[in-house]
Amino acid sequence: MSSTELSHSAEGRSSDGGPIAAEAAATTIVPSSNGADWLSRYSSSLLGVFGAPQRVLVRGAGCLVWDADGKEYLDLLGGIAVNALGHAHPFVTSVISSQLSTLGHVSNFFTSPTQVALAEKLLEIAKAPAGSKVFFANSGTEAVEAAFKLARRNTGAGPDSGEAPRTKIIALEGAFHGRTMGALALTYKEAYRAPFAPLPGGVVHVPFGDIDALLAEIDETTAAVILEPIQGEAGVRPLPAGYLKAAREATSAAGALLILDEVQTGIGRTGKWLASEDAGIVPDAVTLAKGLGGGFPIGALITYGPEVSALLTAGQHGTTFGGNPVATAAALATLHVLENQQVLAHVREVGERLRAGLAGIDGVIEVRGEGLLIGFDLDADVAPAVVAAALDAGFIINSPGPHTIRLAPPLILTEAQADSFLAALPALLQTAKDAQ
Ligand SMILES: Cc1ncc(COP(=O)(O)O)c(C=O)c1O
């Protein structure tokens with residue numbers, strides 16, 4: 001049987017109870033091997049930018065994944081806040097498959113119903129005013145690139161004012177906005193930036209959470225301020241209460257755009273559609289990606305209101321794959337399930353339970369975040385060792401810093417799954433400390 005026939009017809013369960021189609025198709029296309037073999041072949045064939053992978057994953061179902069040696073893991077990272085509905089969600093996969101077998105790709109000389117419907121849906125959940133628009137990309141960094149270009153068209157006085165576009169963009173220390181050159185210029189970490197200098201100019205970083213420092217930097221030359229409502233890569237650091245509002249007032253007064261990067265925090269991750277939605281502000285632009293496609297690559301830039309939406313005109317930006325029928329269908333399916341199965345309320349409840357449980361564990365000194373974007377600090381610099389111990393014990397977690405652990409599980413994580421991690425954590429911390 002060919003791999004094509006298999007992928008269309010294979011049904012049933014593998015020996016450990018999971019669906020066999022993906023496993024069967026994969027092992028038909030590529031010879032089967034164990035984890036160690038794949039890792040050695042990885043190091044001979046893939047560029048080393050990610051370092052050595054921790055495991056070789058072959059299959060997932062819900063919040064569980066399995067590696068090439070058959071070991072099961074509870075995925076508390078969700079592909080870094082991506083797998084909103086877990087792995088192999090039946091509705092999302094069936095919508096993707098049905099769209100792909102109907103119309104998989106068209107160029108942006110054309111549109112498709114799923115593209116238009118998704119744009120409308122995003123404008124609705126973002127509560128964007130009339131005249132707001134959407135640009136689709138394929139990733140977070142591309143959504144940020146589009147926002148960067150939007151900012152570079154801002155004159156502060158409207159597109160027809162005849163004034164020169166401004167070039168200064170203010171970002172925060174600790175910010176992560178992506179790895180392409182424009183997004184990298186907004187990203188703070190020196191180790192990511194330095195090898196690629198010179199980056200696009202005009203970007204100023206101000207201390208995180210210090211509203212006075214931000215206000216002192218905003219002036220009539222500022223094109224935009226870009227903020228993550230919660231800094232994800234920096235260890236799940238929420239902006240202080242009132243910060244977004246103060247930033248909105250100051251940017252409006254100066255004619256600067258307020259861009260919110262909700263690539264990690266958006267699409268239900270915090271138990272709200274957008275982490276910024278309770279801040280009482282209307283931003284000028286929001287970037288989305290990660291959870292939006294439920295695991296399928298897609299990014300989006302929302303531009304708020306007609307004036308901001310007029311800043312980028314025909315021919316000033318583009319993409320081959322952005323907004324393709326399959327990615328937009330995947331996102332529509334994801335949003336449909338999140339909405340119709342009340343997943344956001346569930347995220348708030350399970351997130352609260354996890355945070356309360358974590359706060360009671362010896363060795364955990366601070367718990368941060370909202371919904372199912374959670375960071376917690378340990379009383380020792382053992383976070384990487386905790387990640388390794390967790391992996392051995394069947395839990396996937398992440399350490400964005402030496403004493404910080406991040407959890408960003410599928411939004412469908414059950415209470416029992418959350419409790420199983422809480423029950424295991426004290427021993428994982430002990431193992432990590434013993435290994436020091
Ligand atoms: C806030 C934020 N912006 C942008 C990005 C870049 O997204 P991507 O990795 O999809 O390019 C990330 C990724 O972690 C992110 O957390």
Side-chain angles (χ1 to χ4, degrees), residues 16-18 35 52-88 232-233 235-236 269-271 343 346-436:
D16 54 7
Q54 295 170 324
R55 293 287 193 277
V56 181
L57 300 179
V58 295
R59 187 165 67 79
C63 297
L64 301 177
V65 290
W66 287 266
D67 73 16
D69 301 315
K71 185 175 165 66
E72 178 181 298
Y73 303 85
L74 178 61
D75 185 359
L76 292 164
L77 191 57
I80 317 186
V82 166
N83 297 99
L85 296 172
H87 299 273
E233 297 306 300
V236 188
R269 176 57 45 196
T270 64
V343 177
H346 173 79
V347 168
R348 293 193 290 273
E349 277 164 30
V350 184
E352 193 54 51
R353 185 183 183 94
L354 256 176
R355 276 193 303 281
L358 288 166
I361 288 175
D362 225 25
V364 173
I365 55 172
E366 185 176 288
V367 183
R368 297 179 297 275
E370 246 186 290
L372 284 171
L373 182 57
I374 298 176
F376 56 96
D377 284 348
L378 307 173
D379 61 0
D381 283 356
V382 291
V386 173
V387 171
L391 211 52
D392 287 343
F395 298 98
I396 295 178
I397 59 176
N398 158 256
S399 58
H403 56 259
T404 304
I405 302 284
R406 171 176 50 175
L407 308 179
L411 305 181
I412 55 168
L413 186 79
T414 66
E415 290 191 348
Q417 287 169 329
D419 289 350
S420 72
F421 176 66
L422 291 172
L425 186 58
L428 302 178
L429 296 179
Q430 198 52 55
T431 307
K433 285 179 179 171
D434 290 347
Q436 261 191 322

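Hydrogens, waters and symmetry mates play no part in the numbers below; they use all other heavy atoms, side chains included.
Note: Cys63 SG to Leu411 CG = 9.0 Å, rounded to the nearest 0.5 Å. With rounding to the nearest 0.5 angstrom, the CD atom of Glu366 is 8.5 Å from the OG1 atom of Thr404. From Gln436, atom CD reaches atom CG of Asp381 across 8.0 Å, with rounding to the nearest 0.5 Å. Rounded to the nearest 0.5 Å, atoms CD1 (Ile397) and OH (Tyr73) are 13.0 Å apart. Atoms NZ and CD, on Lys433 and Gln430 in that order, are 7.0 Å from each other to the nearest 0.5 Å.
Taking 4.5 Å as the limit, every side-chain heavy atom of Thr270 sits out of range of all side-chain heavy atoms of Val347. Side-chain contact check for Phe421 versus Leu428: some heavy-atom pair is nearer than 4.5 Å. Glu233 has its side chain within reach of Arg406: a pair of non-hydrogen atoms, C-beta onward, lies under 4.5 Å apart. You'll find the side chain of Val236 stays beyond 4.5 Å of the side chain of Ile374, heavy atoms only. Gln54 is listed as a side-chain neighbour of Val387, based on a closest heavy-atom distance under 4.5 Å. Leu378 has its side chain within reach of Val364: a pair of non-hydrogen atoms, C-beta onward, lies under 4.5 Å apart. For the pair Leu413 and Leu354, the minimum side-chain heavy-atom distance is below 4.5 Å. For the pair Val56/Asp67, no side-chain contact is recorded, criterion being any heavy-atom separation below 4.5 Å from C-beta on.
The pair Arg355-Glu370 does not count as a salt bridge, with every side-chain nitrogen at least 4.0 angstrom from each carboxylate oxygen. In summary, Asp419 and Arg353 engage in a salt bridge, as defined by a charged side-chain N under 4.0 Å from a carboxylate O.
Of all non-hydrogen atoms in Pro402 and Pro384, the two that sit nearest each other are O-CD, 3.6 Å. The two atoms that bring Ala408 and Leu373 nearest to each other are CB-CD1, 4.2 Å, heavy atoms only. In this structure, Gly35 and Ala68 approach most closely via the heavy-atom pair N-CB, 3.8 Å. Shown here for Ala424 and Phe395, the closest heavy-atom pair between the two residues is CB-CE1, 3.5 Å. Shown here for Ser420 and Leu74, the closest heavy-atom pair between the two residues is OG-CD2, 3.7 Å. Contact detail for Leu391 and Arg55: the closest heavy-atom pair is CD2-NH1, 3.5 Å.
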- Message: Run Leu407 and Leu372 through side chain to side chain contact (heavy atoms under 4.5 Å, CB included) and show every step you take.
- Response: CA-CA 7 Å; Leu407 308 179; Leu372 284 171; over 6 Å; no
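Applying the 6.0 Å contact sphere to CG of Asp362 captures no more than 12 heavy atoms from other residues, nucleotides or ligands.
Among Ile405, Asp377, Ile361, Leu358, the one residue that satisfies the side chain to side chain contact (heavy atoms under 4.5 Å, CB included) test with Val367 is Leu358.
Side-chain atoms of Asn83 never come within 3.5 Å of backbone atoms of Leu85 as a donor-acceptor pair (strictly under, hydrogens ignored).
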